[in-house]
Amino acid sequence: MNKAIILSILATVALIGCNNKNDNSTSNSLKDSSDLKFEDTLSSKQKDLIHFKFLTAVANLPSPFEMINMVYSSKLPYNDKLLNPISSVSRYKSAAQKAYNYGSYGVDLSYIGFYGSKQNLLSYYNTVKQLSTELNIEKIFDDYAGKFYDYQDNKDSMIVLLDRAFSETDAYLRNYKRHLTAAQVLSGAIIETHYLSIELMKFEDRNNRTNDLYNRIYNHKLYFYHLVNLLEEFKTDKEAAALLTAIKEYSDFYNTTVTSEEQLNKETLGKLSEKVTALRNKFI
């Protein structure tokens with residue numbers, strides 16, 4: 001079975017499994033202050049709408065790991081200069097910054113995992129684990145990624161392990177009403193996936209090897225649509241509002257610049273590259 005399909009199935013199973021749990025032993029004290037503050041401002045109707053939008057987004061957003069698998073399968077060269085530097089982690093002070101970059105580093109970790117750079121792999125794993133601790137989600141991360149060191153020499157097993165860890169983290173956050181943090185993690189993962197895809201493809205011609213990747217990058221428009229729609233529900237939070245504004249500006253530029261799959265080529269990828277790099281740099 002294709003690895004991308006396996007990852008997608010595992011991610012779906014993980015989400016369903018976690019959403020069906022009712023672990024009353026977990027305290028709401030695991031929420032960070034930004035989650036608590038935001039939740040306290042919501043009506044029951046607003047909470048239901050956020051839950052619905054998350055379900056819609058998850059149903060329409062494949063695992064970022066699937067896109068990285070396509071990059072790897074297309075034999076695009078590995079470029080560690082594109083990674084979010086782990087030296088930046090000390091600058092992330094707010095819960096929003098930590099959540100966004102938890103998602104960003106997670107995608108980088110999967111990218112490294114596919115290409116097998118072991119030293120980078122260990123460094124990025126430890127960085128993601130550090131952020132999981134600071135976000136009070138280390139238990140769920142450890143439950144599913146705790147065997148990382150046992151599988152670090154088995155790429156396929158390790159990738160599945162990491163994919164499941166991040167799927168379970170997302171479901172866990174939403175299950176315990178940490179919707180704001182979950183939205184920020186999702187934003188970081190989507191933007192990092194989109195950024196890596198464009199930077200790796202912007203010098204590649206459309207051909208039999210790259211055509212599927214070009215089409216997938218075009219479909220990212222839909223991902224940004226769902227992300228904007230979700231983040232609209234968090235715009236009363238200052239940092240979430242800034243993220244929403246920046247993503248919406250990029251999404252509008254993308255929709256105006258590229259109106260059909262045929263318009264996506266090296267020239268238009270170059271234009272998107274400049275804009276998505278600026279977007280990413282605002283938050284890493």
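The figures here come from the full heavy-atom set of this structure, side chains too, leaving out hydrogens, waters and symmetry mates. As the structure is a computational prediction, the values presented were derived from the model and not from experiment. Numbering starts at 1 and runs along the sequence shown.
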Is there a side chain to side chain contact (heavy atoms under 4.5 Å, CB included) between D108 and L196 once you walk through the steps? CA-CA 9 Å; D108 286 349; L196 287 175; 3.7 Å; yes
Counting only heavy atoms not in K221 (residues, nucleotides, ligands), do more than 12 fall under 6.0 Å from its NZ? yes
NZ/NE/NH1/NH2 to OD/OE distance under 4.0 Å, D252 and K248: yes
Salt bridge check: are R209 and E204 linked by an N-O gap of less than 4.0 Å? yes
So E66 and R216, salt bridge (charged side-chain N to carboxylate O under 4.0 Å, His left out) or not? Walk me through it. CA-CA 11 Å; E66 185 178 341; R216 181 60 65 90; 3.8 Å; yes
Contact between [X] and [Y] at the side-chain level, heavy atoms closer than 4.5 Å - yes or no?
X	Y	answer
K202	K266	no
Y78	V71	no
M67	I217	yes
N215	R206	yes
I247	S187	yes

Tell me the closest heavy-atom pair linking [X] and [Y], and the distance in Å.
X	Y	value
A189	V107	O-CG2, 3.5 Å
Y218	T259	OH-O, 3.4 Å
R280	L83	NH2-C, 3.4 Å
V228	L244	O-CD1, 3.7 Å
Y195	T277	CE1-OG1, 3.5 Å
L121	L109	O-CD1, 3.6 Å

Contact list for residues 256-284, test ring-ring contact (aromatic ring centres under 6.0 Å, His included), sequence neighbours left out: Y100-F283
Is there a path from L82 to L279 through hydrophobic residues (I, L, V, M, F, W, Y) whose side chains come within less than 4.5 Å of each other? yes
Do R91 and S88 pass the side-chain hydrogen bond (donor to acceptor under 3.5 Å, both in side chains) test, and can you show the C-alpha distance, the side-chain angles, and the key distance before you say yes or no? CA-CA 6 Å; R91 296 193 287 105; S88 299; 3.2 Å; yes
Taking it one step at a time, do Y115 and Y111 satisfy ring pair (Phe, Tyr, Trp, His ring centres under 6.0 Å)? CA-CA 7 Å; Y115 283 85; Y111 175 58; 5.1 Å; yes
Donor + acceptor pair across side chains of N207, T210 (<3.5 Å): yes
Check the side chains of E192 and S104 for a donor-acceptor pair under 3.5 angstrom, ignoring hydrogens and angles. yes
Residues which pass salt bridge (charged side-chain N to carboxylate O under 4.0 Å, His left out) with E274, listed by chain and number, not counting sequence neighbours: none
Please enumerate all residues that pass ring pair (Phe, Tyr, Trp, His ring centres under 6.0 Å) together with Y124, with sequence neighbours excluded. Y105
Are [X] and [Y], when compared by the centres of their aromatic rings, separated by less than 6.0 Å?
X	Y	answer
F224	Y250	yes
H220	Y225	no
H179	F234	no

Check whether NZ of the Lys or CZ of the Arg K98 lies under 6.0 Å from the centre of the six-membered ring of Y92 and within 45 degrees of that ring's axis. no
Is T268 reaching over with its side chain to a backbone N or O of N265, donor-acceptor style, under 3.5 angstrom? yes
Could you check whether any side-chain N or O of T127 sits under 3.5 Å from a backbone N or O of I86, counting only pairs where one atom can act as donor and the other as acceptor? no
Worked check of side-chain hydrogen bond (donor to acceptor under 3.5 Å, both in side chains) between S123 and N120: CA-CA 5 Å; S123 297; N120 274 347; 5.3 Å; no
